[in-house]
Amino acid sequence: MQKKERFRRFIEYFTEHYPDPKTELHFSNPYELLVAVILSAQCTDKRINQISPALFARFPEAESLAAASVEEVFSYIRSVSYPNNKAKHLVGMANALMNRFGGEIPATVDELQTLPGVGRKTAHVILSIVYNEPTMAVDTHVFRVSHRLGLAPLTANTPLAVEKALMAHIPKQHVPKAHHWLILHGRYVCLARSPKCEECALKEFCKYFEKVVRS
DNA sequence: ATCCCGAGGG
DNA sequence: CCCTCTGGAT
C-alpha cells in the first residue's frame with residue numbers, strides 16, 4: 001500500500017472515532033500543563049494526575065515554584081520517575097520563567113527549549129495545546145506506532161526523523177489531532193509489549209501485524 | 001524484565 | 001553516539 005493511502009486511512013479512521021482527542025493530563029492553565037508535561041517523561045499520565053492536584057495547590061504559579069526549595073518540590077513528586085532530576089528541573093524552569101519571560105510561558109520552540117527540563121518533545125506539546133500550532137511532538141508512543149503502521153520508515157530512527165516523516169504527509173489541520181491519535185492508539189491498542197492486534201482497526205495495513213503476527 | 005507522552009550530560 | 005536518572009505497574 002502506498003504511503004499516501006496509509007495516511008489517508010489513518011486520518012479517516014480516527015477522525016470518525018476520535019474527532020476531538022485531548023491530552024489526558026489534568027491542567028487548568030499553561031503553567032500547570034508545562035509542569036505536568038515535564039513530570040510526564042517516562043511516567044504514566046495517570047500517576048501525574050494523582051500527584052498534580054497537591055503540587056498545583058502548593059505551587060499555583062511560576063512565582064511560588066521559583067521560590068520553592070528542591071527538597072520540598074521533591075516531596076510532592078517522589079512517586080514519579082526521576083524525582084530528583086524533575087524537582088531540580090521544575091524549580092529551575094520556574095526561575096527561568098520569572099527571570100527571562102516575566103512569568104509567562106514562551107511561545108516558540110527555541111525559547112521553550114531554553115527552559116530546564118524542556119526538550120523538543122515537551123516544547124512541541126506546549127506549542128500544540130497552548131498556542132494551537134501544528135507541531136508534532138514525538139514521544140515513545142508516536143515513535144513506535146508510526147513505525148508499526150508504516151507511517152514512518154524504519155530508517156527514521158530518531159524522534160526528529162519520525163517527526164519530519166509525519167509532518168511531510170499529515171495536513172496541518174490534522175497534525176495536533178494526529179499527535180493525540182497516535183498516543184491514544186499506542187496507549188490502549190498498539191501497546192509496546194503485547195499489542196492488541198486483534199482489536200486494532202488498522203491491522204489490515206499494519207506492517208507490524210503483517211510481519212510479526214502473521215508469521 | 002520491560003515499559004511509561006524524555007532530558008541532560010559526557 | 002552513548003549513559004544516567006529511577007518509581008510504579010504489569
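Sequence lines set the chain letters: A, B, ... in the order given, protein chains first and strands last, and positions in each chain run from 1.
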DNA chain B nearest-nucleotide lookup for Ala192(A) and Gly117(A): closer to the 5′ end is Ala192(A)
Assess, by modelled atom type and distance only, whether the side chains of Ser69(A) and Glu72(A) contain a donor and an acceptor separated by less than 3.5 Å. no
What's the gap between dG8(C) and dA7(B) when it is taken at their P atoms, as a whole Å value? 22 Å
Let me know the distance between CD1 of Ile77(A) and P of dT6(C), rounded to the nearest Å. 11 Å
Regarding Asn85(A), tell me which of base, sugar-phosphate or nothing describes its non-hydrogen contacts under 4.0 Å with the strands shown. base
When you compare the side chain of Ile129(A) with that of Leu33(A), does any pair of heavy atoms fall below 4.5 Å? yes
Would His26(A) and Phe56(A) satisfy ring pair (Phe, Tyr, Trp, His ring centres under 6.0 Å), going step by step from the backbone distance to the final call? CA-CA 11 Å; His26(A) 297 168; Phe56(A) 295 155; 9.8 Å; no
Separation of Asp139(A) atom CG from dC5(B) atom C1', in whole Å? 4 Å
Under 4.0 Å between a side-chain N/O of Thr140(A) and OP1 or OP2 of dC4(B), yes or no? yes
Is Leu182(A) touching bases, backbone alone, or none of the nucleic acid, heavy atoms closer than 4.0 Å? nothing
State yes or no: are the ring centers of His180(A) and Tyr18(A) separated by less than 6.0 Å? no
Give Pro159(A) one of three labels, base, sugar-phosphate or nothing, depending on what nucleic acid heavy atoms sit under 4.0 Å from its own. nothing
Tell me what Arg78(A) touches on the nucleic acid: a base, only sugar-phosphate, or nothing, going by heavy atoms under 4.0 Å. sugar-phosphate
For nucleotides dG10(B) and dT6(C), find the distance between their P atoms and express it as a whole number of Å. 16 Å
Using a 4.5 Å cut-off on heavy atoms from C-beta on, say whether the side chain of His141(A) contacts that of Leu182(A). no
In terms of the nearest nucleotide of DNA chain C, which residue is placed more toward the 5' end: Pro83(A) or Asn157(A)? Asn157(A)
Between C1' on dT6(C) and NZ on Lys88(A), what's the gap in Å once rounded to a whole number? 13 Å
Nearest-angstrom distance, P atom, dC5(B) to dC3(C): 24 Å
In whole angstroms, the gap separating P of dT4(C) from NE2 of His89(A) amounts to 17 Å
Tell me: CE of Met93(A) to C1' of dA7(B), nearest whole Å? 14 Å
Between Leu151(A) and Phe7(A), is there a side-chain heavy-atom distance shorter than 4.5 Å? yes
From CG of Leu34(A) over to C1' of dG6(B), roughly how many Å is that when rounded to an integer? 14 Å
Quick one: do Lys203(A) and Glu198(A) make a salt bridge, cutoff under 4.0 Å? yes
Side-chain-base donor-acceptor pair under 3.5 Å for Thr122(A) and dC5(B): no
According to a strict under-4.0 Å criterion, is His141(A) in side-chain N/O contact with OP1 or OP2 of dC4(B)? yes
Give a yes or no on whether a salt bridge exists between Lys207(A) and Glu210(A), defined as a side-chain N under 4.0 angstrom from a carboxylate O. no
Can you check whether Tyr82(A) stacks with the dG6(B) base, using ring centres under 5.5 Å and planes within 30°? yes
Whole angstroms only, please: what is the CZ-C1' distance between Arg193(A) and dG8(C)? 11 Å
Without decimals, in angstroms, what is the distance between Leu160(A) CG and dA7(B) P? 13 Å
Using a cut-off of strictly less than 4.0 Å between a heavy atom of the residue and any atom of DNA chain B, enumerate the qualifying residues of residues 35-66 of chain A by number. Ser40(A), Ala41(A), Gln42(A), Cys43(A), Thr44(A), Asp45(A)
